[in-house]
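Below: the structure, in structure tokens.
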Protein chains: 2
Amino acid sequence: MDTNDLAGNVLDPNCPSRVVFQRIGDKWASLVIQVLGDGPVRFSELRKMVNVVTPKVLTQTLRALERDGLITRTVYAQVPPRVEYGLTDLGESLLQPLTLLRRWAESHVPTILEARDAYDDAQDEALLGSPN
Amino acid sequence: MDTNDLAGNVLDPNCPSRVVFQRIGDKWASLVIQVLGDGPVRFSELRKMVNVVTPKVLTQTLRALERDGLITRTVYAQVPPRVEYGLTDLGESLLQPLTLLRRWAESHVPTILEARDAYDDAQDEALLGSPN
DNA sequence: CCGTATCCTGCTTGATACTG
DNA sequence: CAGTATCAAGCAGGATACGG
């Protein structure tokens, strides 16, 4: 039944849909996904590209994404070891909404920053006006 | 200059673009925005719709969104007090990418959940296979 | 090279109680 | 009605060091 209980879904913080939003908001997950959009990357490469994240945190991020079926982890039986991460089809399909969001972000962030300044200034003035 | 340093931007966790991603991932912010998409709502209504969030947390969320210029806060000088929250133009413009993301979420969440089960099962078996 | 183990800190979330 | 104040708890993120 395709009732419009979509709204009801979104409002429920326990709704599984929220796992996606949480991934997006995750500090590294969305970055990793977008990096992998250009093709498979090794662990150490990923570390460098994603601006020196500690191995523990990167591993956590990667495992979570792998568990969600968004990325693949391929181990090559070599010495020294070599592990490559890449997007699954599911992961690739996320690329588009992600890119759209990124474009929105990049074009509107200046406005947001201005709004913040204005808001903070207004707060300061209000405090000066009634210090007591 | 519209070089393709977009990639460079995304990889920088300090890039202001990330504030948007953080709002999306915020537990309540994206919910509030989508609720307000249907028109202005009062504080108490918001509390009920968004599944009993504590007033403190809701206020925090609302203030942050207001500071970012995404929502407006209108106080009606009445007794009892009445405060309505609504989307700004900026906030409305966020609705579209947000909806797209939500649609992706709702259509792919089952797959993600399956992937998780499969992953967890594989982990369990691996542990059973080599308990030592 | 690719991680894991341990410890630690700050922020987010929440419960509870109170005010204009 | 629409918040604020205070306190407490959990957990994501990180520094550092070590292992396969």
Side-chain angles (χ1 to χ4, degrees), chain A residues 12-14 18-19 21-32 35-36 40-68 71-86 123 126-127 130 132, chain B residues 11-15 18-19 21-32 35-36 40-68 71-86 123 126-127 130 132:
Chain A
D12 185 0
N14 299 323
R18 291 214 54 79
V19 306
F21 287 77
Q22 308 227 344
R23 287 273 161 277
I24 303 298
D26 184 89
K27 187 165 184 178
W28 305 105
S30 54
L31 273 69
V32 167
V35 170
L36 296 187
V41 181
R42 303 179 60 167
F43 187 86
S44 52
E45 287 297 314
L46 220 36
R47 266 200 79 187
K48 279 183 280 184
M49 295 177 74
V50 151
N51 220 23
V52 273
V53 55
T54 62
K56 192 197 84 173
V57 174
L58 182 57
T59 300
Q60 279 179 350
T61 305
L62 259 15
R63 289 290 190 281
L65 291 175
E66 189 192 359
R67 191 171 100 103
D68 287 350
I71 68 173
T72 58
R73 178 174 179 269
T74 313
V75 182
Y76 297 92
Q78 300 180 356
V79 179
R82 179 177 161 206
V83 181
E84 274 191 357
Y85 293 89
Q123 291 307 86
L127 284 178
S130 60
N132 222 8
Chain B
L11 300 185
D12 184 1
N14 300 323
C15 172
R18 291 214 54 80
V19 307
F21 287 78
Q22 307 225 343
R23 287 271 162 276
I24 303 297
D26 184 271
K27 188 165 184 179
W28 305 105
S30 55
L31 274 69
V32 167
V35 170
L36 296 187
V41 182
R42 304 178 60 167
F43 187 86
S44 52
E45 287 298 314
L46 220 36
R47 264 199 81 187
K48 279 182 279 183
M49 296 177 76
V50 151
N51 219 27
V52 272
V53 56
T54 63
K56 193 197 82 174
V57 174
L58 182 58
T59 300
Q60 279 179 350
T61 305
L62 257 15
R63 289 289 189 281
L65 290 175
E66 189 192 0
R67 192 171 98 103
D68 287 351
I71 68 173
T72 59
R73 176 173 180 271
T74 311
V75 181
Y76 296 92
Q78 302 178 355
V79 178
R82 179 178 159 204
V83 181
E84 273 191 355
Y85 294 89
Q123 290 310 83
L127 284 178
S130 61
N132 223 8

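The sequence lines fix the lettering, A, B, ..., with proteins before strands; numbering per chain opens at 1.
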Atom [atom1] of [X] and atom [atom2] of [N]: how far apart are they, to the nearest Å?
X       : N      : atom1 : atom2 : answer
B:Gln22 : C:dG10 : CD    : P     : 18 Å
B:Arg47 : C:dA15 : CZ    : C1'   : 11 Å
B:Glu84 : D:dC1  : CD    : P     : 14 Å
A:Asp26 : C:dT12 : CG    : P     : 14 Å
B:Tyr85 : D:dG3  : OH    : C1'   : 8 Å

Task: Partners meeting salt bridge (Lys or Arg N to Asp or Glu O under 4.0 Å) with A:Glu66 (sequence neighbours left out) - done: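 Applying salt bridge (Lys or Arg N to Asp or Glu O under 4.0 Å) to A:Glu66 gives none.
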Open item on the list: Once salt bridge (Lys or Arg N to Asp or Glu O under 4.0 Å) is applied, do any residues pair with A:Arg42, and if so which ones, sequence neighbours excluded?
Closed with: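 Salt bridge (Lys or Arg N to Asp or Glu O under 4.0 Å) list for A:Arg42, sorted by chain: empty.
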Heavy-atom side-chain proximity of [X] to [Y] below 4.5 angstrom:
X       : Y       : answer
A:Leu62 : A:Leu46 : yes
B:Leu58 : B:Val32 : yes
A:Lys27 : A:Thr61 : no
A:Lys56 : A:Gln60 : yes
A:Arg23 : A:Leu65 : yes
A:Tyr85 : A:Val41 : no

Given [options], the nucleotide with the shortest approach to the side chain of [X]:
X       : options              : value
A:Lys27 : D:dG3, D:dC1, D:dG13 : D:dG13
B:Trp28 : D:dG3, C:dG3, C:dG14 : C:dG14
B:Arg63 : C:dT13, C:dC2, D:dG3 : D:dG3

TODO: Enumerate the residues from residues 73-82 of chain A whose closest heavy atom to DNA chain C is under 4.0 Å, giving them by residue number; use none for an empty result.
DONE: A:Arg73, A:Pro80, A:Pro81, A:Arg82
Task: Positions of residues 52-62 of chain B (non-hydrogen atom under 4.0 Å from DNA chain C), listed by number - done: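 Heavy-atom contacts with DNA chain C come from B:Thr54, B:Lys56, B:Val57, B:Gln60.
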Task: Distance test, side-chain N/O of A:Arg42 to OP1/OP2 of C:dC1, below 4.0 Å - done: no
TODO: Enter the inter-axis angle for the ends of the helix from C:dC1-D:dG20 to C:dG20-D:dC1 (five pairs per end, rounded to 10°).
DONE: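 Rounded to the nearest 10 degrees, the bend comes out at 50°.
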- [ ] Using the salt bridge (Lys or Arg N to Asp or Glu O under 4.0 Å) rule, collect all pairs that involve residues 46-55 of chain A, keeping only residues at least two apart or in two chains.
- [x] A:Glu45-A:Lys48
Open item on the list: Donor-acceptor pair, distance only, cut-off 3.5 Å: does the side chain of A:Arg73 make one with the backbone of A:Arg63?
Closed with: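 Between the backbone of A:Arg63 and the side chain of A:Arg73 there is no qualifying donor-acceptor contact (under 3.5 Å).
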TODO: Might you work through the side-chain contact (heavy atoms from CB on, under 4.5 Å) test for A:Thr59 and A:Phe43, ending with a clear yes or no?
DONE: CA-CA 9 Å; A:Thr59 300; A:Phe43 187 86; 3.6 Å; yes
